[in-house]
Amino acid sequence: MSRLSLSDIYRIAVPGDPRLRPDGNTVAYTVTTADRESDENRSEIWLVAAGDAPRRLTGGPHDSSPRWSPDGRSLAFLRPVDGKPQLHLLPMEGGEPRVLTAASLGAGPAVWSPDGRSIAYSAPCGEVDPHAPVVADSLEYKADGTGLLRGLTLHVFVVDVETGETRQVTSGDFFAGEPSWSPDGRRLAFTANMEADRDLVAGGAVYAVDASGGEPERLTGADVICGGAWWLGERLLVVGNAGDPVGHARMFELGPDGLVEIKTGLDRNIMVGAPGYPGAVPQQVGDELIFCARDAGCTHIYRAPGEKIVGGDQVVSGVSAAGGRIAYVASTPYSVGDVYLADLDALPDDTAATRLTDYALHDVELFTPKRRTFTAPDGTPVEGFVLRDETLTGPGPLLLDAHGGPHNAWAPVFDGAHLYHQVLAARGWTVLTVNPRASDGYGEAFYTAAVGAWGIADTGDFLNPIDELVDEGIADPERLAVTGYSYGGYMSCWLPTQTGRFKAAIPGGCVSDLVSMAGTSDAGHLLKAYECRGDITAQSPMTHVAQVTTPTLLLHGDADDRCPVGQAEQWFAALREQGVPVRLVRYPGGSHLFILNGRPSHRVDYNERIVEWLQQWIPVAGTPVSPS
């Protein structure tokens, strides 16, 4: 067997968004691949059932969001028409898919009514003139991945399945979240922030509106910042934050007396799923509530109140329930993801789940991360993962990779985005990934421990594990490097201001100056007000840039509105003026998440440049320069 190469990105197939047919026997799911010739990411919809081989249902190239009708006879999904995603309806008894919507700016995923006669969805509204002046009266005028909003809003629509007749249900100056039908099919619930100064204050409430349209009714107060609402049978379930937006998301049930928290007994964050953040929307199975939460970096499935039913070294990124069963997608140390099916009554038996797919690269031998617990300077346990060739002896070069967020986490599973980890391990490197203070999966006190103290609170959480690996003879203290993306990019700027021990640094999607970040990021003010509250100058790498001597490679998406490219430009200019070896690479059209969903060529290039920069400044004897 061979080792992984960066060109394997074109062979990796990533399953996602599993949807269990109402009879509980068949799973529809998406498969995403990178196409070298077109330099784009392709997505198709596949079907699989226990005992059968997976089969492709749609040919793509950009099909997504499969959603079963209540009777299981039709599958709604999204496919572009003239470049805009539109809902299509595929009869499962045979025939071609029918275009159901003609939304001017595209439609969102289908939400079927209980009787199957209507579909609700969210869609952007407004008229976009790319040449018109952009007038902003609010900080909410741009969004990463979309760019300048130009007055766009997001609203709820309902389309008649038989006729295609569509009506707009909500309107106004707000962004409506994905709708959910009441059990009688008469109302739709959604979350929105309708406050006049919503750009200045974190917020979100649950609203309900008549399915035929009208004025939305606010159902929740200001005590919970609501991020999502779903009718699960007769109960209206809400996930949100109690009071402070920086903290664990919790589950609530909306009853006659308002929101009542569903106590899980877990000091863990509820994960509903988002780009870069695994998890799934809570599900109701009979009388049982199923949800996802993060534990020690992994994302697992729980049965309320707090029984773990799917655990281990897995990261769950989608769950669907029907017919007393659950289908889910999980990545493991050997696969970026596979589809599993299990009878709920049989869980948490480790043998209860049946793996329905096999997307592992069987001709590639992977290195697997080893879980470690390190000790921070104040005695706090800090978990990390060490990836290396265990057959090697003696100290070698080490790369510290810091995750983003900062409220995210590394997990001991195969990572299809950071392929350079495997390539470097094959070349004699040790790759250290650490979950420092602010990481998710270790309790709320740990989660909030770096609020107002970026860099200040967590520097030792990164450096002490390196010291331990040096003391153990694994890491060579003269051959250390640091990289990371987003908050990890921030740390890749910050750590070289605190120590000269790193011989190379590679900040990706970085933050270098929290002062300018507050006025230029699409989330800058809220970041300043809630996450970096206090002295943001002291927490800014730019304040301490004069101390940096580390050769630095900056990698940044040109269309990044979350961590604007000016953050990299400032760091590049400052280091260049100081005579520090520095290089800036900008990826045209790349949003903040381009390393996950951007052009395949850009993602390959990102990985290649990391390997090349490390080999330039920290060469390993006997290894070629070309990373692939």
Side-chain angles (χ1 to χ4, degrees), residues 111 120 122 156 170 174-184 186-195 198 201-209 216-274 277-295 299-309 316 319-321 326 407 440-441 443-445 447-448 526 530:
V111 183
S122 292
V156 176
T170 64
F174 61 90
F175 297 83
E178 185 172 88
S180 179
W181 290 91
S182 63
D184 60 9
R186 297 174 58 186
R187 295 201 298 168
L188 290 158
F190 62 93
T191 57
N193 186 349
M194 297 191 192
E195 302 299 326
R198 64 175 181 264
V201 181
V206 178
Y207 291 83
V209 64
E217 175 191 3
R218 182 166 179 163
L219 303 181
T220 61
D223 53 330
V224 174
I225 300 171
C226 303
W230 305 270
W231 254 299
L232 303 179
E234 296 294 327
R235 69 198 305 189
L236 184 55
L237 189 84
V238 177
V239 173
N241 293 75
D244 195 319
V246 181
H248 282 172
R250 292 173 164 80
M251 292 188 297
F252 303 84
E253 186 169 355
L254 184 60
D257 299 324
L259 290 174
V260 177
E261 184 175 352
I262 299 172
K263 299 292 186 179
T264 66
L266 304 170
D267 186 13
R268 292 294 182 263
N269 193 32
I270 303 299
M271 303 291 288
V272 298
Y277 291 81
V281 169
Q283 307 276 315
Q284 187 82 19
V285 186
D287 295 329
E288 296 189 306
L289 177 63
I290 307 302
F291 64 94
C292 288
R294 184 120 68 176
D295 185 32
T299 302
H300 294 149
I301 305 177
Y302 293 79
R303 173 166 37 207
E307 179 192 14
K308 184 182 291 188
I309 58 176
V316 173
V319 179
S320 178
I326 61 170
H407 307 299
D440 192 6
E444 192 162 28
Y447 187 98
T448 60
L526 298 180
Y530 297 105

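Once rounded to the nearest 0.5 Å, the distance linking CD1 of I309 with CZ of R303 reads 5.0 Å. The structure places CG of L237 at 7.0 Å from CD of E253, a figure rounded to the nearest 0.5 Å. Expressed to the nearest 0.5 Å, how far CD1 of I262 lies from CZ of R235 amounts to 4.5 Å. Going from atom NE2 of H407 over to atom OH of Y447 covers 5.0 Å, rounded to the nearest 0.5 Å. Residue S180 holds its OG atom at 7.0 Å from CG of L232, rounded to the nearest 0.5 Å. Put simply, CD1 on I301 and CD1 on I290 are 8.0 Å apart, with the number rounded to the nearest 0.5 Å.
Paired with P282 under the rule side chain to side chain contact (heavy atoms under 4.5 Å, CB included), one option of V319, V238, L289 passes, and it is L289.
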> Does the pair T448 and H248 meet the rule for a side chain to side chain contact (heavy atoms under 4.5 Å, CB included), with working shown?
Replying inline: CA-CA 9 Å; T448 60; H248 282 172; over 6 Å; no
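Heavy atoms only, all atoms of each residue included: L259 and F252 are closest at CD2-CB, 3.9 Å. The two residues V316 and H300 make their nearest non-hydrogen contact at CG2-CA, 4.5 Å. Considering every non-hydrogen atom in both R218 and A205, the closest pair reads NE-CB, 3.4 Å. The nearest pair of heavy atoms linking P278 to T299 is CG-OG1, 3.2 Å. A pairwise comparison of heavy atoms in A176 and S122 identifies O-OG, 3.7 Å as the closest pair. Minimum interatomic distance between A249 and V239 (heavy atoms only, all atoms of both residues): CB-CG1, 4.0 Å.
Applying the ring pair (Phe, Tyr, Trp, His ring centres under 6.0 Å) rule to pairs touching residues 217-239 yields nothing, sequence neighbours excluded.
Residues L219 and L254 have side chains in contact (heavy-atom distance under 4.5 Å, counting atoms from C-beta outward).
In this structure, the side chain of Q283 engages the main chain of A321 through a donor-acceptor pair within 3.5 Å. Checking side-chain atoms of T191 against main-chain N and O of G177 turns up no donor-acceptor pair under 3.5 Å. The main-chain N or O of A202 is never found under 3.5 Å from a side-chain atom of N193 such that the two would form a donor-acceptor pair. Panel note: side chain N269, backbone R294; no donor-acceptor pair is recorded below 3.5 Å.
For Y302, the ring pair (Phe, Tyr, Trp, His ring centres under 6.0 Å) criterion is met by F291, not counting sequence neighbours. For A192, the side chain to side chain contact (heavy atoms under 4.5 Å, CB included) criterion is met by F174, F190, M194, Y207, not counting sequence neighbours.
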